[in-house]
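A short write-up of the structure that comes next.
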Amino acid sequence: MTLATPDKNLALDLVRVTEAGALAAARWAGRGDKYAADGAAVDAMRSTINDVAMDGIVVIGEGEKDKAPWLYNGEAVGNGTGFQSDIAVDPIDGTSLTANGRHGAISVIAVGERGSMFNPGPCVYMEKMAVGPAGRGAVDITASYTDNLKELAKRLGKEVSELGVVILERPRHEHIVEEVRSAGARILSITDGDVAGAIATAWPASGADILFGVGGTPEGVIAAAALKGLGGEIQGRLWPRNDSERNAAIAQGYDLTRVLTTDDLFAGDDGFFSMTAITDGEFLRGVRYFDFGAITHSMVVRTKSGTVRLIETIHRRDKSAGFTTFAL
């Protein structure tokens with residue numbers, strides 16, 4: 001039987017999927033091979049996700065892009081008995097971070113009602129701005145970075161100089177960095193992983209107040225699911241990389257001037273998000289291996305209830321047979 005809505009917090013089942021991805025990827029942390037790490041995470045998540053009670057379709061997947069055979073767009077996942085759902089999955093947000101053994105790599109998945117997730121079509125990238133609950137409604141992606149910093153500072157009761165601004169290290173962001181510094185704010189630079197960067201704006205004591213910059217559209221959809229549950233906000237505009245991509249988007253009916261809100265990117269009333277740290281991050285510890293097995297740290301969110309859970313899980317090696325398809 002297919003359910004219109006889930007009858008429980010599905011995120012508590014989905015955490016097993018991101019734990020599997022993180023455990024498999026962490027074996028490759030610092031070994032310099034991002035493709036092997038990503039392939040291991042894809043295989044582990046694919047083997048676990050089909051045990052989840054849902055009738056899911058991958059709307060945003062990584063398998064196709066990374067030349068992996070699973071978790072591609074359009075693939076049916078889940079055991080087919082649960083509610084009809086859209087799936088956005090990123091086995092590793094931060095493949096280079098994982099390969100180089102750097103902080104901030106995570107394994108993530110978001111699930112929403114069928115038709116709830118924004119399909120970016122040919123647009124791989126989007127301009128993004130994200131804030132936490134206290135900043136929701138105070139920012140506008142069509143305004144200047146300086147004006148947004150001033151309005152956010154006013155809302156938060158801070159000076160602009162006290163704001164922490166997350167910006168992905170890319171040449172395309174040099175003008176943003178220059179303007180933010182001229183306005184007097186502090187830059188929190190990240191090399192990869194803007195899903196975690198967006199979430200950090202809604203996480204207490206992370207030091208991050210706002211995220212600016214152009215990043216992956218799929219990651220924007222996943223971040224929207226998390227921020228919706230955390231009470232934050234994300235705004236975006238599609239950002240074609242070249243004339244070919246621009247023309248393809250226009251031909252398919254996309255309005256490149258449209259501001260995409262949190263609800264545009266993730267429209268469902270009952271959505272679920274799970275992330276498990278592969279390497280250490282701002283608010284989750286990465287996978288730790290021990291003689292008995294491993295320990296993972298995860299965060300799960302349900303948008304309908306606004307519940308956020310931090311989960312520490314012990315994975316015993318002697319009990320893993322029959323539960324995992326990868327070695328602990």
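Source: prediction; values computed, not measured. Counting from 1, the numbers follow the sequence of the chain as shown.
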(request) Please name all residues satisfying ring pair (Phe, Tyr, Trp, His ring centres under 6.0 Å) with Phe118, sequence neighbours left out, ordered by chain then number. (result)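 Partners of Phe118 under the ring pair (Phe, Tyr, Trp, His ring centres under 6.0 Å) test: none.
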Is a side-chain donor-acceptor pair under 3.5 Å present for [Y] with [X]?
X: Ser189; Y: Glu169; value: yes
X: Thr261; Y: Gln235; value: no
X: Asn79; Y: Thr81; value: yes
X: Ser85; Y: Glu113; value: no
X: Thr307; Y: Ser305; value: yes

Looking at [Y], is its backbone amide N or carbonyl O close enough to the side chain of [X] to form a donor-acceptor pair, meaning the two atoms are under 3.5 Å apart?
X: Glu75; Y: Leu71; answer: yes
X: Asn100; Y: Arg102; answer: no
X: Arg317; Y: Ala294; answer: no
X: Asp90; Y: Val108; answer: no
X: Asn247; Y: Asp243; answer: yes
X: Asp86; Y: Ser116; answer: yes
X: Thr95; Y: Ile92; answer: no
X: Thr262; Y: Ala224; answer: no

(request) Decide side chain to side chain contact (heavy atoms under 4.5 Å, CB included) for Lys228 and Asp263; before the verdict, give the C-alpha distance in whole Å, the side-chain angles of both, and the deciding distance to 0.1 Å. (result) CA-CA 8 Å; Lys228 193 165 188 177; Asp263 285 335; 2.9 Å; yes
(message) Going by salt bridge (Lys or Arg N to Asp or Glu O under 4.0 Å), name the pairs with one or both residues in residues 245-258, residues two or more places apart or in two chains.
(response)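 For residues 245-258, and leaving out neighbouring residues, the salt bridge (Lys or Arg N to Asp or Glu O under 4.0 Å) pairs sorted by first residue read Arg241-Glu245, Arg258-Asp264.
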(request) Please list all pairs passing the salt bridge (Lys or Arg N to Asp or Glu O under 4.0 Å) test where one or both residues lie in residues 289-300, with sequence neighbours left out. (result)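 Found none.
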(request) Tell me, yes or no, whether the heavy-atom count around Ile314 atom CD1, taken from other residues, nucleotides or ligands under 6.0 Å, exceeds 12. (result) no
Taking the side chain as everything from C-beta on, heavy atoms only, tell me whether [X] gets closer than 4.5 Å to [Y].
X: Phe83; Y: Leu10; answer: yes
X: Ile167; Y: Val180; answer: yes
X: Arg309; Y: Arg302; answer: no

(message) So that I can tick it off, tell me whether Glu151 and Lys154 are bridged by a salt bridge, with the cut-off set at under 4.0 angstrom between side-chain N and carboxylate O.
(response)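 Salt bridge: yes.
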(message) Applying side chain to side chain donor-acceptor pair (under 3.5 Å) as the test, list every pair that has at least one member in residues 198-215; sequence neighbours left out.
(response)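 For residues 198-215: Lys158-Asp209.
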Which residues satisfy the side-chain hydrogen bond (donor to acceptor under 3.5 Å, both in side chains) test with [X], sequence neighbours excluded?
X: Thr279; answer: none
X: Glu312; answer: His297
X: Arg114; answer: none
X: Asp194; answer: Lys128

(request) Given side chain to side chain contact (heavy atoms under 4.5 Å, CB included), test Leu23 with Thr296 step by step and report yes or no. (result) CA-CA 8 Å; Leu23 286 165; Thr296 57; 3.7 Å; yes
(request) Sequence neighbours left out, what pairs pass ring-ring contact (aromatic ring centres under 6.0 Å, His included) with at least one residue falling in residues 205-258? (result) Tyr145-Phe212
(request) Any ring-ring contact (aromatic ring centres under 6.0 Å, His included) involving residues 161-196? Give me the pairs, sequence neighbours left out, ordered by first then second residue. (result) none
Which donor-acceptor pairs under 3.5 Å do side chains of residues 133-141 form with protein atoms, sequence neighbours excluded?
residue : atom : partner : partner atom : Å
Arg136  : NH1  : Gly231  : O            : 3.1
Asp140  : OD1  : Thr142  : N            : 3.0
Asp140  : OD1  : Thr142  : OG1          : 2.8
Asp140  : OD2  : Thr142  : OG1          : 3.0

(request) Could you check Asp13, Ile109, Val58 and say which one makes a side-chain contact (heavy atoms from CB on, under 4.5 Å) with Ile49? (result)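 So, applying the side-chain contact (heavy atoms from CB on, under 4.5 Å) to Ile49 and each of Asp13, Ile109, Val58, only Ile109 qualifies.
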(message) Among residues at least two apart in sequence or on other chains, which ones pass side chain to side chain contact (heavy atoms under 4.5 Å, CB included) with Ser244?
(response)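 Ser244 satisfies side chain to side chain contact (heavy atoms under 4.5 Å, CB included) with Asn242 only.
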(request) Could you walk me through whether Thr276 and Ser107 pass the side chain to side chain donor-acceptor pair (under 3.5 Å) test, one step at a time? (result) CA-CA 5 Å; Thr276 301; Ser107 182; over 6 Å; no
